[in-house]
Novice: 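Following this message is one structure expressed as structure tokens.
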Amino acid sequence: MAAADLAQIPDVDIDPEGVFKYVLIRVHSAPPSGAPAGECKEIVRGYKWAEYHADIYDKVSGELRKGGYDCECLGGGRISHQSQDRKIHVYGYSMGYGRAQHSVSTEKIKAKYPDYKVTWADDGY
């Protein structure tokens, strides 16, 4: 897998409205056997249907592995997405994976939602 293949994976996929859990995932292209580690990128995934952060990671990592990628969860938190007000707030942490680096998640979200006010804080659960 080349970096161009990684580019096909969206950086951000979150629900369009509400408060929900999210995870920050590092995706690696799987290098050929014996080759140095492949390229990698971080992606943000957040959905209301998930009761636990692991539910999101398990679903997304399973899909990525079928595509020949390897991945690791870098942490989690919550997202408050207020589409009418064009606001997204990233905060909190995951009991299982720890706190994601919200600054990284926020930059990715800002790139997808350039006309939104996107903020983050380490406080809250």
Side-chain angles (χ1 to χ4, degrees):
M1 300 283 158
D5 295 326
L6 280 176
Q8 301 301 312
I9 301 170
D11 285 352
V12 175
D13 184 27
I14 61 173
D15 278 346
E17 184 69 39
V19 175
F20 44 86
K21 292 178 168 77
Y22 94 93
V23 291
L24 181 63
I25 301 171
R26 178 169 292 144
V27 182
H28 303 269
S29 57
S33 180
E39 299 286 325
C40 68
K41 72 183 266 185
E42 286 76 37
I43 62 172
V44 175
R45 297 293 183 267
Y47 309 109
K48 281 190 278 191
W49 56 257
E51 187 175 351
Y52 299 103
H53 292 91
D55 296 337
I56 300 170
Y57 179 68
D58 290 346
K59 181 178 188 305
V60 174
S61 64
E63 292 168 359
L64 290 168
R65 286 190 174 106
K66 285 180 193 169
Y69 298 98
D70 192 16
C71 51
E72 60 184 307
C73 187
L74 301 178
R78 293 179 186 267
I79 292 175
S80 171
H81 188 170
Q82 302 168 352
S83 57
Q84 280 191 318
D85 296 332
R86 297 181 124 33
K87 290 182 183 176
I88 296 175
H89 184 62
V90 180
Y91 64 98
Y93 62 94
S94 161
M95 293 291 284
Y97 297 118
R99 186 182 323 277
Q101 196 171 349
H102 297 323
S103 58
V104 172
S105 303
T106 300
E107 288 307 310
K108 301 242 174 225
I109 293 168
K110 281 180 182 176
K112 178 164 181 173
Y113 296 92
D115 56 342
Y116 272 56
K117 179 179 181 187
V118 182
T119 58
W120 67 273
D122 276 339
D123 56 338
Y125 171 76

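Predicted model, so just to flag it, every value in this text is computed and none were measured.
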Novice: Given side-chain contact (heavy atoms from CB on, under 4.5 Å), test Y91 with R99 step by step and report yes or no.
Specialist: CA-CA 9 Å; Y91 64 98; R99 186 182 323 277; over 6 Å; no

Novice: I'd like to check the side-chain hydrogen bond (donor to acceptor under 3.5 Å, both in side chains) partners of K112; sequence neighbours left out, ordered by chain and number.
Specialist: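 Listed in chain order: nothing, the list is empty.
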
Novice: Give the other cluster members for V12, using side-chain heavy-atom distances under 4.5 Å between Ile, Leu, Val, Met, Phe, Trp and Tyr residues; answer none if it is isolated.
Specialist: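 Under the 4.5 Å side-chain rule, V12 groups with I14, F20, Y22, L24, V44, L74, I79, I88, V90, V104, I109, Y113, Y116, V118, W120.
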
Novice: Can you check whether G77's main-chain N or O pairs, donor with acceptor, with H53's side chain at less than 3.5 Å?
Specialist: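 Yes.
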
Novice: Return yes if some donor-acceptor pair links the side-chain N/O of S80 with the main-chain N/O of V19 below 3.5 Å, else return no.
Specialist: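 Checked: no pair found.
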
Novice: Of all residues at least two apart in sequence or in a different chain, which pass the side-chain hydrogen bond (donor to acceptor under 3.5 Å, both in side chains) check with S61?
Specialist: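 S61 satisfies side-chain hydrogen bond (donor to acceptor under 3.5 Å, both in side chains) with R65 once adjacent residues are dropped.
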
Novice: Which value, rounded to the nearest 0.5 Å, describes the distance between R26 atom CZ and C73 atom SG?
Specialist: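 Between R26 CZ and C73 SG, I get 11.0 Å after rounding to 0.5 Å.
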
Novice: Got a sec, which residues hit side-chain hydrogen bond (donor to acceptor under 3.5 Å, both in side chains) with D122, two or more places apart in sequence or on another chain?
Specialist: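 For D122 there are no side-chain hydrogen bond (donor to acceptor under 3.5 Å, both in side chains) partners, ignoring immediate neighbours.
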
Novice: Do C71 and Y57 have side chains that get closer than 4.5 Å, going by heavy atoms?
Specialist: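 Yes, at least one pair of side-chain atoms sits under 4.5 Å.
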
Novice: Sequence neighbours excluded, which residues qualify as side-chain hydrogen bond (donor to acceptor under 3.5 Å, both in side chains) partners of R86?
Specialist: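 Partners of R86 under the side-chain hydrogen bond (donor to acceptor under 3.5 Å, both in side chains) test: D115.
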
Novice: Say you draw a straight line from CH2 of W49 to CD1 of I56; how long is it, rounded to the nearest 0.5 Å?
Specialist: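 Spacing of CH2 (W49) from CD1 (I56) equals 5.5 Å.
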
Novice: I'd like to know if the side chain of K41 and the backbone of L6 have a donor-acceptor N/O pair within less than 3.5 Å.
Specialist: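 Yes, K41 side chain to L6 backbone: donor-acceptor pair under 3.5 Å.
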
Novice: According to salt bridge (charged side-chain N to carboxylate O under 4.0 Å, His left out), who are the partners of D58, at least two apart in sequence or on a separate chain?
Specialist: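 With neighbours one apart ignored, the set is empty.
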
Novice: At their closest point, which heavy atom of P10 faces which heavy atom of I43, and how far apart are they?
Specialist: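 For P10 versus I43, the nearest heavy atoms are O-CG2, 3.5 Å.
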
Novice: Are the side chain of H81 and the backbone of D15 linked by a donor-acceptor contact shorter than 3.5 Å?
Specialist: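 Yes, because the side chain of H81 sits within donor-acceptor range (under 3.5 Å) of the backbone of D15.
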
Novice: Less than 4.0 Å between a side-chain N and a carboxylate O, is that true for E107 and K110?
Specialist: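 So K110 pairs with E107 through a salt bridge.
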
Novice: To check you understand the geometry: which heavy-atom pair defines the closest contact between A50 and K21, and what is its length?
Specialist: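 Heavy atoms only, the tightest pair is O-CD, 4.2 Å.
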
Novice: Taking salt bridge (charged side-chain N to carboxylate O under 4.0 Å, His left out) as the definition, give me every residue that meets it alongside E17, ordered by chain and number, with sequence neighbours left out.
Specialist: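 Listed in chain order: nothing, the list is empty.
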
Novice: Restricting to salt bridge (charged side-chain N to carboxylate O under 4.0 Å, His left out), what partner residues turn up for K117, sequence neighbours left out?
Specialist: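 For K117 there are no salt bridge (charged side-chain N to carboxylate O under 4.0 Å, His left out) partners, ignoring immediate neighbours.
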
Novice: Regarding Q82 and H89, do their side chains bring together a donor and an acceptor under 3.5 Å, going by distance alone?
Specialist: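 There is no such pair (donor and acceptor under 3.5 Å, judged by atom type) between the side chains of Q82 and H89.
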
Novice: Rounded to the nearest 0.5 Å, what's the gap from CG on D13 to NZ on K108? Could you check?
Specialist: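 If we round to the nearest 0.5 Å, D13:CG and K108:NZ are 14.0 Å apart.
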
Novice: Going by salt bridge (charged side-chain N to carboxylate O under 4.0 Å, His left out), name the residues that satisfy it together with K87, two or more places apart in sequence or in a different chain.
Specialist: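 None.
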
Novice: Mind checking side-chain contact (heavy atoms from CB on, under 4.5 Å) for A111 and listing every partner two or more places apart, or none if nothing turns up?
Specialist: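 For A111 there are no side-chain contact (heavy atoms from CB on, under 4.5 Å) partners, ignoring immediate neighbours.
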
Novice: From H102 NE2 over to T119 OG1, what is the distance, rounded to the nearest 0.5 angstrom?
Specialist: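 Taking NE2 in H102 and OG1 in T119, the distance rounds to 11.0 Å.
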
